[in-house]
There are 2 protein chains.
Amino acid sequence: MARPRQALLTRQRIVEAASAMIDAEGLAALSMRRLATELGVQGPSLYNHFATKAEIVDAVAESVVAQVDVDVFTGADWRDGLRLWAKSYHAVLTAHPNIVPVLATGPGRRPAGLAMAEAVYGALIDAGWSRARATHIGALMRYLITGSALGSFALGFAADPELYARYPHLHRAHELAAHHDEVDEGAFALGLDLLITSLSDRYDQGVRR
Amino acid sequence: MARPRQALLTRQRIVEAASAMIDAEGLAALSMRRLATELGVQGPSLYNHFATKAEIVDAVAESVVAQVDVDVFTGADWRDGLRLWAKSYHAVLTAHPNIVPVLATGPGRRPAGLAMAEAVYGALIDAGWSRARATHIGALMRYLITGSALGSFALGFAADPELYARYPHLHRAHELAAHHDEVDEGAFALGLDLLITSLSDRYDQGVRR
DNA sequence: GCGTTAAAACTTACGCCGCTAGTTTATGCC
DNA sequence: GGCATAAACTAGCGGCGTAAGTTTTAACGC
């Protein structure tokens with residue numbers, strides 16, 4: 001086959017297939033040949049649309065970050081905005097955990113990342129936080145959100161009770177995997193609540209830097 | 001060369017070389033052949049000491065986690081213990097950021113991870129926190145620590161001012177990279193402080209679950 | 001001391017990887 | 001209609017993890 005009447009590939013189709021493959025089987029399972037096969041095409045044809053594999057992975061990361069709702073800041077109190085944004089971001093990353101390590105590199109290099117930084121930082125500045133503190137708060141929220149999405153804490157413990165025999169306090173750690181939803185979501189919710197309420201306390205006391 | 005009088009390789013030498021290579025050039029740069037060359041040996045010889053590459057990477061992760069100081073909890077108030085442990089953990093990960101994505105998988109599967117979980121969870125339980133809350137707090141601290149180590153927030157912004165023209169609040173974002181130490185460390189310190197003081201408040205009010 | 005077994009290096013090779021180069025053919029513009 | 005470009009193709013390079021089998025040496029039981 002040479003050039004077809006209707007192009008078989010588009011950047012969007014490629015990104016969607018790559019995203020699905022990463023979600024389903026992980027970053028390491030994505031290869032150019034497998035992705036091409038999924039799209040009904042030979043491997044090197046992908047290079048007519050993206051220069052490198054890294055560009056494809058980057059486009060997937062961009063498409064994920066773009067799903068985060070940053071409109072929540074408009075007209076809202078900074079506390080409410082922060083809380084809603086964090087929940088949206090968390091939900092998006094929880095739906096696509098395998099791409100999270102990629103998001104860690106260069107949050108301010110992808111368009112969607114810049115738009116998000118603008119919204120978050122702008123809301124904090126407008127609320128009266130100092131530039132330095134607004135930066136810290138933005139980075140800190142990011143730490144909590146990506147850290148919690150990087151991998152399930154609860155699922156990191158094996159379900160075999162034998163393994164915990166030598167650790168007196170961990171004798172029920174084998175039950176964690178069964179309740180991983182409650183554990184992981186509970187920890188994130190606690191963290192978000194603690195951070196925002198204590199920031200709010202400082203704010204109300206006039207400590208804004 | 002066949003079997004030498006003195007073994008050229010040991011598991012420890014392999015792990016040390018792999019760790020150095022990951023620190024210097026990143027996870028992706030570690031290959032069995034390159035690692036073997038570094039050790040003065042042919043690629044497949046490594047398989048006499050480790051069954052797979054993943055086992056080597058796992059051993060590197062274990063050796064990194066083992067550097068975290070978990071003795072800080074003995075005899076200390078839970079707040080002080082938590083703070084010192086978090087700082088130690090943070091310092092270790094900051095020194096070895098490239099291995100962080102590996103640490104995310106299975107914190108409760110490596111011996112050093114279990115020993116750490118035992119120490120942290122035990123200290124919280126002994127202080128009177130409920131089992132569920134102690135688990136949440138442990139997971140939450142982990143989120144903050146790994147999240148902050150996953151990648152520099154400040155270095156994620158390019159130093160080219162042109163890129164921020166469309167984002168009114170980010171007009172000084174190009175300066176972030178130059179102050180990345182203060183930004184990243186400041187954000188982590190703020191997060192640690194906010195979490196522990198607000199947990200402490202709850203604790204003192206008798207809310208321990 | 002000697003024969004056997006196991007350890008630790010080696011060489012070779014398989015299938016997969018990202019990617020380059022060159023080819024073919026259809027499309028769309030002058 | 002001629003022609004540059006786009007989008008598919010095939011062939012192939014060097015590197016990857018790792019399996020298989022070989023060789024030499026060390027360690028151990030008689």
Side-chain angles (χ1 to χ4, degrees), chain A residues 1-63 98-99 101-102 105-106 109, chain B residues 1-63 98-99 101-102 105-106 109:
Chain A
M1 187 198 325
R3 179 177 185 183
R5 287 137 220 281
Q6 176 70 30
L8 302 176
L9 299 177
T10 62
R11 286 175 66 97
Q12 188 189 334
R13 271 198 76 215
I14 293 170
V15 170
E16 283 169 2
S19 189
M21 198 173 266
I22 290 171
D23 284 346
E25 308 179 60
L27 254 185
L30 179 76
S31 87
M32 297 298 271
R33 285 176 237 253
R34 292 224 309 137
L35 177 58
T37 300
E38 189 79 14
L39 291 161
V41 120
Q42 297 296 319
S45 299
L46 295 167
Y47 289 92
N48 286 312
H49 302 267
F50 287 93
T52 62
K53 180 187 178 182
E55 270 190 18
I56 296 178
V57 174
D58 228 58
V60 171
E62 167 75 9
S63 81
N98 295 334
I99 197 72
V102 177
T105 70
R109 292 201 161 80
Chain B
M1 188 196 328
R3 179 178 185 181
R5 286 134 223 284
Q6 177 69 30
L8 301 177
L9 298 176
T10 62
R11 285 176 66 97
Q12 190 189 332
R13 272 198 76 215
I14 294 171
V15 170
E16 283 168 3
S19 189
M21 197 172 267
I22 290 171
D23 283 346
E25 307 179 60
L27 254 185
L30 179 76
S31 87
M32 296 299 270
R33 285 174 237 253
R34 291 224 311 137
L35 177 59
T37 300
E38 189 80 14
L39 291 162
V41 118
Q42 297 296 319
S45 298
L46 295 167
Y47 289 90
N48 286 311
H49 303 267
F50 287 93
T52 63
K53 180 187 179 181
E55 270 190 19
I56 295 178
V57 174
D58 227 58
V60 172
E62 168 74 10
S63 81
N98 295 335
I99 197 70
V102 177
T105 68
R109 293 202 160 79

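Naming: A, B, ... by sequence-line order, numbering from 1 per chain.
With a heavy-atom cut-off of 4.0 Å to chain A, the contacted part of DNA chain D has its first and last nucleotide at D:dT5 to D:dG12. Taking a heavy-atom distance under 4.0 Å as the criterion, the stretch of DNA chain C touched by chain A extends 5' to 3' from C:dC17 to C:dT27.
Listed by chain and residue number, nothing satisfies the side chain to side chain donor-acceptor pair (under 3.5 Å) test with A:Q42 (two or more places apart in sequence, or in another chain). Contacts of A:T10 classified as side chain to side chain contact (heavy atoms under 4.5 Å, CB included), with partners at least two apart in sequence or in another chain: A:Q12, A:R13. The side chain to side chain donor-acceptor pair (under 3.5 Å) check on B:E55 picks up nothing, with sequence neighbours excluded. Listed by chain and residue number, A:R110 satisfy the side chain to side chain donor-acceptor pair (under 3.5 Å) test with A:D58 (two or more places apart in sequence, or in another chain). Evaluation of the side chain to side chain donor-acceptor pair (under 3.5 Å) rule for B:E38 yields no partner, not counting sequence neighbours.
Sequence neighbours left out, the pairs with a member in residues 21-37 of chain B that pass salt bridge (charged side-chain N to carboxylate O under 4.0 Å, His left out) are B:E25-B:R34. Listed by first and then second residue, the salt bridge (charged side-chain N to carboxylate O under 4.0 Å, His left out) pairs that reach into residues 41-54 of chain A come to none, sequence neighbours excluded.
For the pair B:L30 and B:V57, the minimum side-chain heavy-atom distance is below 4.5 Å. B:V60 is listed as a side-chain neighbour of B:I99, based on a closest heavy-atom distance under 4.5 Å. You'll find the side chain of B:L9 reaches within 4.5 Å of the side chain of B:V41, heavy atoms only.
Remark: nothing in residues 8-26 of chain A comes within less than 4.0 Å of DNA chain C through any heavy atom. Annotation: proximity of residues 27-40 of chain A to DNA chain C (heavy atom, distance under 4.0 Å) is found for A:L30, A:S31, A:M32, A:R33, A:R34, numbered in ascending order. Across residues 44-52 of chain B, B:P44, B:S45, B:N48, B:H49 each have a non-hydrogen atom less than 4.0 Å from an atom of DNA chain C (numbered order).
A pairwise comparison of heavy atoms in B:F50 and B:V15 identifies CZ-CG2, 3.8 Å as the closest pair. Across all non-hydrogen atoms, the minimal contact from B:A18 to B:I56 is CB-CG2, 3.8 Å. B:I14 approaches B:H49 most closely through the heavy-atom pair CD1-CB, 3.7 Å. Heavy-atom minimum distance, A:G40 versus A:L8: O-CD1, 4.5 Å. When all heavy atoms are compared, the tightest approach of A:N98 to A:P101 is O-CD, 3.6 Å.
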